*Asks:* 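Quick one: structure below, then a few questions.
Here the structure is a predicted model, which means the values were calculated and not measured. One is the number of the first residue; the rest follow in order along the sequence.
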Amino acid sequence: MTLTDNTTGGRIISGILGVQIVLSDACEVGDMLGVSSNTWVRALATTGSVVHARLVAGQSGKSGDSIIAYPLAAIDGLTGMTKGSLVYVAEGTLKGEVTETAPSTTGDVNAPVGISLSATKWFAHPGTMPVYHDSDHLA
């Protein structure tokens, strides 16, 4: 079964160590967030527009909004996850979303940001894992 990241209000988050940030991009609860040009935006693994995941959005918001974000969080409401699988920031145009498929394009970020706990829930710890920019580092 393929992982479905329910980006339209389907995510439920339980985080710790919340911090207040101001967005420069729209986001949904549970989106991976990172810094680009000194502003908080949705993370993306795609080469040429990489934004490393550092926090998890605890609230939805639009550019200019102040929200709570977490360095550690459990995120529920996805479907098709495989318990124990590593979770990565998505590639392409899927800003802020996640996948269990490691990015394989040379130059894309290949850094786990968490682990699947069940078919619907995962534990996120972005920014605490080593960052790889291709799949050659994981044998």
Side-chain angles (χ1 to χ4, degrees):
M1 182 181 291
T2 303
L3 166 73
T4 301
D5 190 352
N6 299 311
T7 57
T8 55
R11 298 182 193 142
I12 302 164
I13 188 168
S14 176
I16 61 170
L17 305 173
V19 295
Q20 197 83 28
I21 63 169
V22 176
L23 297 170
S24 291
D25 191 9
C27 74
E28 297 290 332
V29 170
D31 275 354
M32 297 293 100
L33 302 173
V35 175
S36 176
S37 299
N38 205 32
T39 64
W40 287 101
V41 297
R42 291 173 293 165
L44 188 64
T46 303
T47 186
S49 54
V50 168
V51 177
H52 297 285
R54 299 296 182 225
L55 297 170
V56 181
Q59 299 171 286
S60 296
K62 61 187 182 313
S63 182
D65 285 352
S66 179
I67 68 164
I68 298 291
Y70 301 98
L72 302 167
I75 303 163
D76 204 345
L78 287 77
T79 56
M81 300 189 89
T82 303
K83 188 188 310 182
S85 292
L86 293 175
V87 177
Y88 302 86
V89 172
E91 301 171 272
T93 60
L94 301 173
K95 292 180 179 181
E97 296 184 35
V98 296
T99 179
E100 289 181 331
T101 304
S104 59
T105 303
T106 300
D108 283 2
V109 175
N110 187 357
V113 293
I115 187 169
S116 299
L117 301 173
S118 71
T120 62
K121 190 173 190 174
W122 70 287
F123 177 70
H125 47 91
T128 60
M129 302 293 287
V131 175
Y132 301 117
H133 288 277
D134 58 49
S135 59
D136 297 338
H137 295 84
L138 299 177

*Asks:* Output yes when a side-chain donor or acceptor of S37 lies under 3.5 Å from a complementary backbone atom of T39, and no otherwise.
*Replies:*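 A pair under 3.5 Å: no.
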
*Asks:* Let me know which of K95, K62, R42 forms a salt bridge (charged side-chain N to carboxylate O under 4.0 Å, His left out) with D25.
*Replies:* R42

*Asks:* What is the distance from atom CD of E97 to atom CE of M32, rounded to the nearest 0.5 Å?
*Replies:*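 Answer rounded to 0.5 Å: 11.0 Å.
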
*Asks:* How about S116 and T82: do any of their side-chain heavy atoms sit closer than 4.5 Å?
*Replies:* no

*Asks:* Can you measure from CE (M81) to NZ (K121) and round to the nearest 0.5 angstrom?
*Replies:* 11.5 Å

*Asks:* If you compare all heavy atoms of A57 against all heavy atoms of C27, which two are closest, and at what distance to 0.1 Å?
*Replies:*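 Answer, listing the atom of A57 first, then C27: CB-SG, 3.8 Å.
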
*Asks:* Do L44 and L86 sit in one hydrophobic cluster, given that two such residues count as connected whenever their side-chain heavy atoms are within less than 4.5 Å of each other, even indirectly?
*Replies:* no

*Asks:* Indicate the atoms forming the closest heavy-atom contact of G114 with W122, along with that distance.
*Replies:* CA-CZ3, 3.9 Å

*Asks:* Give me the atom names and distance for the closest heavy-atom approach of P71 to P126.
*Replies:*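 It is O-CD, 3.5 Å.
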
*Asks:* List the atom of D65, the atom of G61, and the distance in Å for their closest heavy-atom pair.
*Replies:*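 The answer is OD2-CA, 3.5 Å.
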
*Asks:* So, taking the atom named CG in L23 and the one named CH2 in W40, what distance separates them when rounded to the nearest 0.5 Å?
*Replies:* 10.0 Å

*Asks:* State the CD1-CG distance between I16 and L72, to the nearest 0.5 angstrom.
*Replies:*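 Rounded to the nearest 0.5 Å, the CD1-CG separation comes to 4.5 Å.
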
*Asks:* Quick one: does any side-chain atom of S60 pair with a main-chain N or O of V29 as donor and acceptor, under 3.5 Å?
*Replies:* yes

*Asks:* What's the separation between atom OG in S118 and atom NZ in K83, rounded to the nearest 0.5 Å?
*Replies:* 7.5 Å

*Asks:* Does Y70 belong to the same Ile/Leu/Val/Met/Phe/Trp/Tyr cluster as V113, with side-chain heavy atoms less than 4.5 Å apart forming each link?
*Replies:*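 Looking at the clustering, V113 is in the same group as Y70.
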
*Asks:* Is there a path of hydrophobic side-chain contacts, each under 4.5 Å between heavy atoms, that joins I75 and V89?
*Replies:*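 Yes, it is one cluster - the side chains of I75 and V89 are joined through contacts under 4.5 Å.
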
*Asks:* Membership question, hydrophobic clusters at under 4.5 Å side-chain separation (ILVMFWY): are V19 and V56 in the same one?
*Replies:*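 No, separate clusters.
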
*Asks:* Taking atom CD1 of I68 and atom CD of Q20, what is their separation to the nearest 0.5 Å?
*Replies:* 4.0 Å

*Asks:* Is it possible for you to say whether I67 and L55 belong to one hydrophobic cluster, with membership spreading through side-chain heavy-atom contacts below 4.5 Å?
*Replies:* yes

